[in-house]
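These notes concern the structure reproduced below.
Quick caveat, the model's predicted, so the values are computed rather than measured. Read the numbers this way: they start at 1 and go in the same order the structure lists the ligands and their atoms. What's counted below: heavy atoms across the whole structure, side chains too, no hydrogens, waters or symmetry copies.
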Amino acid sequence: MHKAIVVFEVEGGSDKGPDGHRKDTMPIVEAIKANGWDSEVIYYHPDNAEEIVERVSQNFDAYISRVNPGNIPGGEKGYFDLLTKLADAGLVGMSTPADMMAYGAKDALVKLNDTPLVPEDTAAYYEVSDFHETFPASLSFGERVLKQNRGSTGEGIWRVRLADADLAASVEPGTALPLDTALKCTEAVDNKTHDYTLGEFMDFCDQYIIGYNGMLVDMRFMPRIVEGEIRILLVGNEPVFIVHKKPAEGGDNFSATLFSGAKYTYDKPEAWPELLEMFENARPVIAEKLGETGHVPLIWTADFMLADDENGEDTYVLGEINCSCVGFTSELDMGIQEKVAAEAISRVEAANA
Ligand SMILES: Nc1ncnc2c1ncn2[C@@H]1O[C@H](COP(=O)(O)OP(=O)(O)OP(=O)(O)O)[C@@H](O)[C@H]1O
Ligand SMILES: [Mg+2]
């Protein structure tokens, strides 16, 4: 063992501080070094890929990826190829490309729709034809949320409902709605509502399905989103803090994204005991259904919405998992970087035992 962990970033981008790094990157590097290990940051660029593979595979035991997949020079394929070569050379990947895709893609929800975490009527469309065939009937069951896979901060995440409330109340569930049905469609990026017919809106949404990694997830609208989305941030198996993200009040607002005006409050995990208990039981199921390695990601988040079970008690529905570029920049005083370092080192030690 070299007792050395490399941290990958890309140069530039809005997530970087004055030192050219994500604000939580150097704290992680320093925390690894404080354990007597070596650590440094390398910027990935496709022009240096060969050099990086050579140097890193000879000098490091593991990598930590701190890269936003939407922001990689030359595209994510080149970067994922490099990470795969390092894994083949025996390095511990935090995370591997397969795990990043499985956890980070929106259809993770569909892989969990046979668990209590996700409503069972959650589906994904990978073909335009399948979308046009299935969605008109899906919408007859009630309000839906359509989620594109690419992009973030609520772009291409649509709350979709019938414009005519009487029709919505009277439509026979399971009947395909006609293409001229009037809709109200609200995008999470800005909570703005647009008028479309069903046919027009489906044509508009085809762009989300076409192309690399294209898909559209079709999920039931969870009305208690107005009470907020509850994010658990984890280091490995350990929840380290909770963000309660409350959408801006009023209108059709449903978005918990920051730019749409949602308000964030930060809680200790202990403030949400029922959620944590539920999640503790669900985590192994998530690891089994999503992970290639059986490991949950090093730093990741799971977002929940409140719902009611059949006895009127609170339950939690999973809305999204993030794992590729999760940060904790406003919580650097909570000792999270030390937990990240300890978890990373223990994974390397276990792999080399
Ligand atoms: N099923 C749902 N019911 C009600 N509201 C939802 C539902 N799914 C998503 N939302 C709302 O839409 C917002 C955006 O959706 P989501 O988190 O899935 O995508 P995103 O924010 O664009 O992705 P990322 O968080 O990676 O940037 C959520 O924060 C939540 O407020
Ligand atoms: Mg989100």
Could you list each N/O atom of ligand 1 together with any protein N/O atom closer than 3.5 Å, one pair per line with the distance?
residue, atom, partner, partner atom, Å
ligand 1, 1 (N), R220, O, 2.9
ligand 1, 3 (N), M222, N, 2.8
ligand 1, 8 (N), K147, NZ, 3.0
ligand 1, 17 (O), E320, OE1, 2.7
ligand 1, 18 (O), K147, NZ, 2.8
ligand 1, 19 (O), K106, NZ, 3.4
ligand 1, 22 (O), G154, N, 2.7
ligand 1, 23 (O), K106, NZ, 3.2
ligand 1, 23 (O), E320, OE2, 2.8
ligand 1, 25 (O), E320, OE1, 2.6
ligand 1, 25 (O), E320, OE2, 3.1
ligand 1, 26 (O), E320, OE2, 2.5
ligand 1, 26 (O), N322, OD1, 3.1
ligand 1, 27 (O), T153, N, 2.8
ligand 1, 29 (O), E229, OE1, 3.0
ligand 1, 29 (O), E229, OE2, 3.2
ligand 1, 31 (O), F254, O, 2.7
ligand 1, 31 (O), A256, N, 2.8

Aromatic plane relationship, [Y] with [X] - under 30° parallel, 30 to 60° tilted, over 60° perpendicular:
X: H194; Y: Y196; answer: tilted
X: F241; Y: Y266; answer: tilted
X: F279; Y: W300; answer: tilted

>> Who clusters with Y79? Use side-chain heavy atoms, under 4.5 angstrom, across I, L, V, M, F, W and Y, and order the result by chain and number.
In response: V6, F8, V10, I42, Y44, I52, V53, V56, F60, Y63, V67, I72, F80, L82, L83, L86, L91, M100, M101
> Can you tell me how far the CD atom of E155 sits from the CZ atom of F259, to the nearest 0.5 Å?
Replying inline: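 Going from CD on E155 over to CZ on F259, the span is 11.5 Å.
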> When rounded to the nearest 0.5 angstrom, what distance separates CD in Q148 from CH2 in W158?
Replying inline: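 Going from CD on Q148 over to CH2 on W158, the span is 10.5 Å.
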> Listing residue and atom name, which protein N/O/S atoms are closer to the Mg ion (ligand 2) than 2.8 Å?
Replying inline: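 Counting only protein N, O or S atoms under 2.8 Å from the Mg ion (ligand 2), the list reads E320 OE1.
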> Quick one: are V29 and V41 in side-chain contact, heavy atoms under 4.5 Å?
Replying inline: yes
>> Does L183 form a side chain to side chain contact (heavy atoms under 4.5 Å, CB included) with M202? I'd like the steps, not just the answer.
In response: CA-CA 11 Å; L183 305 182; M202 285 196 293; over 6 Å; no
> Can you pull the side-chain hydrogen bond (donor to acceptor under 3.5 Å, both in side chains) pairs that have at least one residue in residues 11-22, sequence neighbours excluded?
Replying inline: E9-H21, D15-R22
